[in-house]
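This report refers to the structure that appears directly beneath it.
The sequence lines fix the lettering, A, B, ..., with proteins before strands; numbering per chain opens at 1. Only heavy atoms go into these numbers, but all of them, side chains included; no hydrogens, no water, no symmetry mates.
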2 protein chains.
Amino acid sequence: MLSVHQLTCFLATYEQGSLTAAAEQLGYAQPSVSEQIRALEKSLGVQLFRRVGRGVIPTTVADTLRPYAERVLAAVDETQRAAQSVKAFETGTIRFGMFGIARLYAGAGLIADVLARYPGVRVELIGQNSTEVHEDLRRGRLEAAMLAVANADSSGMTVTPVAREELVYISADPAHLATPVTAHRLSLASLVMPETSYRAVDSTRTTLRQMLHETGRNPQTRIEVEDIETAVELVGMGLADSVVPKGAAEQLLPRLAPNAGWVSLRPRQFDTFAIVHRADAVLSPAAQLMIELATQRIRAIAEPVHPR
Amino acid sequence: MLSVHQLTCFLATYEQGSLTAAAEQLGYAQPSVSEQIRALEKSLGVQLFRRVGRGVIPTTVADTLRPYAERVLAAVDETQRAAQSVKAFETGTIRFGMFGIARLYAGAGLIADVLARYPGVRVELIGQNSTEVHEDLRRGRLEAAMLAVANADSSGMTVTPVAREELVYISADPAHLATPVTAHRLSLASLVMPETSYRAVDSTRTTLRQMLHETGRNPQTRIEVEDIETAVELVGMGLADSVVPKGAAEQLLPRLAPNAGWVSLRPRQFDTFAIVHRADAVLSPAAQLMIELATQRIRAIAEPVHPR
DNA sequence: CAGCATCCATAGGAGGTCCCTAGTGCTGAG
DNA sequence: CTCAGCACTAGGGACCTCCTATGGATGCTG
């Protein structure tokens, strides 16, 4: 099997025209280089140098093979430099999960932060829908993610709360927004709720379930959709009301449901944003960077929560 | 140190998404591949795969490095294929020494022969002047050559006679060509002789020295030049006469000295063409090919000599 | 939820490779 | 002819490579 080391010795010998000089250049003893050349000649089945008393003379085969050997060594060198670049975040891809609502809070700004600091990198913010992110995390395809989660779910996952955000009731009917919405009124409302696929672990849903459960009632969702944007649009069309984080309401209502408004719940409820990753994972520098930046972004908008 | 083998294991693992599958593909045991990947990760200083229960997942670093690894392996593959091509004479350079007079007999035709059989090769026919060829042979820069030499000279060289060619006396003065030239007449002639630098071992000169020595006379060379073409031109200008192989006379006189003619020596003298190489050399396939083809060419023109 | 299959990591050992030092033989130059 | 320079050989130590056997973790399934 042809090896990089053999080609290195070959080129040094070719340039120096001498095994001794090549060995000196490479920092080896002369017999070592001699052995490498012999092994290379044997593995290729061709003679590369003629041994002639004083020094060695490249054959025409050596002349032909030299540019190939140089290309191999150049490719190896590029590989190593690429690895160093990736380590220093000069290039490469940083992939991070940020699903659903969290994405609304930090998406574009977060990417801008990364690019400002490391102009060469590619950034992937995974999470068009939440099931995908959850599955990727579980399977290990995604190292870490920023999610809005119910407290301490997910066996085998480490959940680190970062910030919390008030949940507000949104509606196109001003009468629904006159006073804060109680559990009783919530249980009677006709709701559209996003995150269908992830409903069992979705933070907002879990919070609402707890709120209603304390009053002995079950939540009524009339419409189930995947995107929060779709849910807000439906609210704007007057087909149902919904409960979303306040920041999402402020960001989406003017654009998707300009005739709708929002009001607090009573008692006020909060969604928790958290960093989630496998409990056993050692986080890479890229993931740590994204976690740090995403945390800063979220905390600038929502109310910081500091884990004990 | 990064090795080709590590990159092979890396790519197999990346494609298969599993160490076990990669090991099977490569024909190794699973721990071997595992060890190679770990060594590669250590030497690059980056994590390439996340080990996650079932299988391994490439990190973004692995995504980035994969094309580099593929380029290295492609370059290695090209190198090996190039070596095979050279072995089969599909490509590469064939270098052969053919100096002075021999070149006039077989130069262009010999190259045509090689190209007809191996269209991909480059051919170098070394030997603008004879010193160069002799030096290259001695130093080992040239593996073998076809020369016109005196019998069995050159210590450390193997000389294989291939053909012989009559030496003729050429002159622009018809009176000089009326009868065959004897040693006596030769010793009185005003001669221009080529191959100045190589005069001690040149075949024609040696032959003439022997011819004159038997009659107790010394050769008289009025003019010394390097090229046989120059010598013939000088003969055409009537400045001197010369002695050259018959084939050279027939080829050069019409072009360079149309007013000159030739006549035999008495007794007739012959130049010997021979293959010369270092006594210790093992001839490469390329050299053997050139020797075979050059021998055929020379023998088609000059009188064959078969070594005992 | 218990059992099974799958996959990776570790341990230990046989064989090979890499690299060294020391010495030999050959070649070319003075 | 002698000397210096260069490649080869021999032998041994350190390391690497690859194997088998085994253990631990995970995910699927009845």
Side-chain angles (χ1 to χ4, degrees), chain A residues 1-10 12-14 16-43 47-58 134-135 137-141 154-157 278-282, chain B residues 1-10 12-14 16-43 47-59 134-141 154-157 278-282:
Chain A
M1 182 58 192
L2 195 120
S3 83
V4 174
H5 189 200
Q6 288 169 356
L7 294 180
T8 308
C9 290
F10 165 62
T13 304
Y14 187 97
Q16 301 284 338
S18 148
L19 294 179
T20 304
E24 191 176 347
Q25 173 187 323
L26 297 173
Y28 293 130
Q30 174 269 320
S32 305
V33 177
S34 178
E35 189 177 351
Q36 294 301 319
I37 298 291
R38 215 171 312 129
L40 179 60
E41 287 178 329
K42 185 180 169 189
S43 95
Q47 190 182 6
L48 295 171
F49 297 96
R50 267 197 307 287
R51 278 70 165 179
V52 33
R54 209 155 187 97
V56 293
I57 307 285
H134 194 240
E135 189 70 9
L137 274 172
R138 205 170 54 85
R139 298 267 186 200
R141 284 196 292 265
S154 318
S155 59
M157 292 291 177
R278 293 172 62 96
D280 54 359
V282 176
Chain B
M1 182 57 188
L2 195 121
S3 82
V4 174
H5 189 203
Q6 289 169 355
L7 295 179
T8 307
C9 290
F10 165 63
T13 304
Y14 187 97
Q16 301 284 337
S18 149
L19 294 178
T20 304
E24 191 175 349
Q25 173 187 323
L26 298 173
Y28 292 131
Q30 169 266 319
S32 304
V33 177
S34 179
E35 190 177 351
Q36 292 301 321
I37 297 293
R38 214 170 315 127
L40 179 60
E41 286 178 329
K42 187 181 171 189
S43 95
Q47 189 180 9
L48 295 171
F49 297 96
R50 268 198 303 288
R51 278 70 165 177
V52 32
R54 208 158 188 92
V56 294
I57 306 285
T59 64
H134 194 241
E135 189 69 10
D136 285 352
L137 273 173
R138 207 171 52 84
R139 296 267 187 201
R141 285 197 292 265
S154 318
S155 59
M157 291 289 178
R278 293 171 63 96
D280 54 359
V282 176

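- If you take CD1 of B:I57 and P of C:dC8, they are 10 Å apart, rounded to a whole angstrom.
- Residue B:R51 places at least one side-chain N or O under 4.0 Å from the OP1 or OP2 atom of C:dA9.
- Separating the CZ atom of B:R38 from the P atom of D:dT17 is a distance of 12 Å, rounded to the nearest angstrom.
- Comparing atom distances between the A:E35 side chain and each of D:dA7, D:dT9, C:dC19 picks out C:dC19 as nearest.
- A heavy atom closer than 4.0 Å to some atom of DNA chain D occurs in A:Q30, A:P31, these being the qualifying members of residues 21-32 of chain A.
- The main-chain N or O of B:L48 is found under 3.5 Å from a side-chain atom of B:T59 such that the two form a donor-acceptor pair.
- With A:T13 contributing its side chain and A:C9 its backbone, the two residues share a donor-acceptor pair below 3.5 Å.
- Surrounding CD of A:E24 are at most 12 heavy atoms belonging to other residues, nucleotides or ligands under 6.0 Å away.
- For A:T20 and D:dG5, the shortest distance from a side-chain N or O to OP1 or OP2 is not below 4.0 Å.
- Considering only side-chain N and O atoms, A:H5 lies nowhere under 4.0 angstrom from the phosphate OP1 or OP2 of C:dT17.
- OP1 or OP2 of D:dC8 has at least one side-chain nitrogen or oxygen of A:S34 nearer than 4.0 Å.
- A distance-only check finds no donor-acceptor pair linking the side chain of A:Q36 to the backbone of A:T8 [under 3.5 Å].
- Here the straight-line distance linking atom CD of A:Q6 with atom NZ of A:K42 works out to 11.0 Å at 0.5 Å rounding.
- Annotation: the terminal axes of the helix from C:dC1-D:dG30 to C:dG30-D:dC1 meet at 30°, where each axis is the rotation carrying the C1' atoms of four end pairs onto the next four (5 pairs per end, rounded to 10°).
- Heavy-atom distances to DNA chain C give each of B:S18 and A:Q36 a nearest nucleotide, and the one nearer the 5′ end belongs to B:S18.
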